Amino acid sequence: MKTLSLNAVNKYFDENLTKDELQFELAVIDQNKFKVMLNEADKGLVVMPTGVPKVVPKLKVNDQIDFASYSSGVYYTTLTKSTHPNEGYLIVLNAKDGDIIRAVRRRETIQDDARSTVEDDLLVKYYMNKVAPLATEFIRDKGSYPLSELTLNEDMTRSGGVVELYYMSKDGDKLKYAVTADLKRNEIVGFSKDVMALLSYYSRL
């Protein structure tokens, strides 16, 4: 898993790091624990920022996820730069096949501040023309799905220190992808797909 996680970091964030430059922490979540996590999120039991009401998502787990695809659970790998402890990466892999389902660059400067819905909406609308092309380029060059199979759902786009864009299947039935951009640096700092895109969506409600 170390090699797969390292390869993901170098691929998605244009790094050229080696194992010796990183510290690794690995956590395993088996299928049962993973199901519990998803069902709690589905019921609106996810942890919310202070002052933000809990909302039951319109996207339901059983409609979105094929649990058989995650029969072995998932691996969470945290990679931290030895020389810069405030910089690191979170990589989530499907334990069944090693598929990368989430990759996030972590920096001390990236905040996930809670804003009001009105502030979020205004910020997203203001930056949409700037952020959407970045996300499009990322998906085209490094994504798991062809752009032709995805549709940006602007109604689901969220902000809070970073902007997260959500992409649905062409028929609009399933959430397939989420791309996260750091506005200050004008760069993509992560993505989630399939089940992790769904959890990302839940966590920002």
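These numbers come from the heavy atoms of this one structure, side chains and all, not from hydrogens, waters or symmetry mates. Since the model is a prediction, treat every value here as computed from it, not as a measurement. In this chain, numbering begins with 1 at the start of the sequence shown.
Distance check, rounded to the nearest 0.5 Å: OH of Tyr167 to CG of Leu175 gives 12.0 Å. With values rounded to the nearest 0.5 angstrom, Thr180 atom OG1 is found 12.5 Å from Arg105 atom CZ. Note that CZ of Arg102 and CG of Asn94 are 15.5 Å apart. Values are rounded to the nearest 0.5 Å. Between Leu150 atom CG and Lys176 atom NZ the span is 8.0 Å, to the nearest 0.5 Å. To the nearest 0.5 angstrom, Asn86 atom CG is 12.5 Å from Arg106 atom CZ. Rounded to the nearest 0.5 angstrom, Tyr89 OH and Thr77 OG1 are separated by 14.5 Å.
Remark: Lys11 engages no residue in a side chain to side chain donor-acceptor pair (under 3.5 Å) (not counting sequence neighbours). In terms of the side chain to side chain donor-acceptor pair (under 3.5 Å) criterion, residue partners of Ser69 (sequence neighbours excluded) are, by chain and number, Asp66. Take Asp171 and apply the side-chain contact (heavy atoms from CB on, under 4.5 Å) test, not counting sequence neighbours, and it matches Ser169, Asp173. Contacts of Phe34 classified as ring pair (Phe, Tyr, Trp, His ring centres under 6.0 Å), with partners at least two apart in sequence or in another chain: Tyr70. A search for ring pair (Phe, Tyr, Trp, His ring centres under 6.0 Å) contacts involving Phe191 returns Tyr12, Phe138, Tyr177, not counting sequence neighbours. With sequence neighbours left out, Ser144 forms a side chain to side chain donor-acceptor pair (under 3.5 Å) with Lys193. For Thr80, there are no side chain to side chain donor-acceptor pair (under 3.5 Å) partners, not counting sequence neighbours.
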(request) Dump the intermediate steps for side chain to side chain contact (heavy atoms under 4.5 Å, CB included) on Asn10 and Leu17, then the final yes or no. (result) CA-CA 7 Å; Asn10 289 334; Leu17 297 169; 3.7 Å; yes

(message) Run Ser5 and Leu93 through side chain to side chain contact (heavy atoms under 4.5 Å, CB included) and show every step you take.
(response) CA-CA 8 Å; Ser5 299; Leu93 308 90; 3.6 Å; yes

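For Thr136 (side chain) and Ala132 (main-chain N/O), a donor-acceptor pair under 3.5 Å exists by modelled atom type.
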Taking distance alone, no hydrogens or angles, what donor-acceptor pairs closer than 3.5 Å link side-chain atoms of residues 19-31 to residues at least two apart or in another chain?
unit_1, atom_1, unit_2, atom_2, d
Lys19, NZ, Thr3, OG1, 2.9
Glu21, OE2, Thr18, N, 2.9
Glu21, OE2, Thr18, OG1, 3.1
Asp30, OD1, Asn32, N, 3.2
Asp30, OD1, Lys33, N, 2.8
Gln31, NE2, Phe67, O, 3.3

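Shortest non-hydrogen contact noted between Ser192 and Ser200 is OG-CB, 4.2 Å.
A salt bridge (charged side-chain N to carboxylate O under 4.0 Å, His left out) check over residues 77-86, counting only residues at least two apart or in different chains, returns the pairs Glu15-Lys81, Lys81-Glu87. The salt bridge (charged side-chain N to carboxylate O under 4.0 Å, His left out) contacts involving residues 132-149 comprise Asp14-Lys142, where partners must be two or more places apart or lie in separate chains.
Using a 4.5 Å cut-off on side-chain heavy atoms (C-beta onward), Tyr145 and Ile139 make no contact.
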